[in-house]
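Let me begin by presenting the structure, written as structure tokens, before commenting on it.
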Amino acid sequence: MKVHTTSFGFPRSDKAESQDSFDSKAWGETVIAVVADGVGSARDGGEASARIVKTLVANYAARPKSWSPEKALTEFAKLINRTLYQESISRHGTPEMVSTLAAAVIEGDKLFGVNVGDSRVYVVRNGSITQLSTDHVADDGAFKHVLNKAIGLASDVEPQCFEFDLADGDVALLCTDGVSNLLTEDELHKKLSRRSSARTI
């Protein structure tokens, strides 16, 4: 299956650096894409997101051959979570290296993914949009922006895992809440159905 990737990001304002990080890499029959959104209230959220993306992409490319995509994504997410949490406690005494994570791997005709927090993974096919990831946020509507699970927030984390059988013409999107909070699923669906680039979205 031929896969074409686009990516784009920008800070929330001219006065604030972006807390988001993202990357994608392709080799052989494998494509990996990762996005992380550093928690704004955390002192080192931006550092956390950058390290999550760099570590996950590098480690996945060098994963043990016996590991399935799900096991590799889960184990590497848990590893970077422990590392960031322990460093944060050592440096600040509290969790300050905190970020969301959404990752997707395409191998053959399957998409495998994990997420922690509220960064999302969608797939559009034949007029419908499906959110594969799960938002880890407070149930109370007034606090729906408050994460109840994130990388670096606690000593251990259980990422949400998912997989999806792909078909020719499918479009996958990884995004932070900077996109999903501003565009409805219907608006996202229309843009993705038109094959809009990440920059256009």
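This structure is a prediction, so every number in the text was calculated from the model and none was measured.
Under the 4.5 Å side-chain contact rule for hydrophobic residues, Ile151 and Leu153 do not share a cluster. Both Val57 and Leu101 are members of a single hydrophobic cluster when ILVMFWY side chains are connected at heavy-atom separations under 4.5 Å. One hydrophobic cluster holds both Val34 and Met97 under the rule that ILVMFWY side chains link at heavy-atom gaps under 4.5 Å. Hydrophobic clustering of Ile, Leu, Val, Met, Phe, Trp and Tyr side chains at less than 4.5 Å, counting indirect connections, unites Val123 with Val31.
Annotation for Leu73 and Phe112: closest pair CD1-O, 3.9 Å, computed over non-hydrogen atoms. Closest heavy-atom contact between Leu183 and Glu187: CA-OE1, 3.3 Å. In plain terms, the two heavy atoms of Asn81 and Gly152 that are nearest each other are OD1-N, 2.7 Å.
A heavy-atom distance below 4.5 Å is found between the side chains of Ile201 and Leu192. A heavy-atom distance below 4.5 Å is found between the side chains of Leu188 and Val179. In this structure, the side chains of Tyr85 and Val157 stay at 4.5 Å or more apart for every pair of heavy atoms. Side chains of Asn181 and Asp118 form no contact here, defined as non-hydrogen atoms less than 4.5 Å apart. Contact annotation: the side chain of Phe162 approaches that of Asn115 to within less than 4.5 Å [non-hydrogen atoms, C-beta and beyond]. Between Asp23 and Lys54, every side-chain heavy-atom pair lies at or beyond the 4.5 Å cut-off. With contacts defined as side-chain heavy-atom distances shorter than 4.5 Å, the pair Lys110/Asp165 qualifies. Between Asp44 and His92 the shortest side-chain heavy-atom distance falls below 4.5 Å.
A distance of 8.0 Å separates CG of Asp37 from CD of Gln19, quoted to the nearest 0.5 Å.
His189 and Ser193 share a side-chain donor-acceptor pair at under 3.5 Å.
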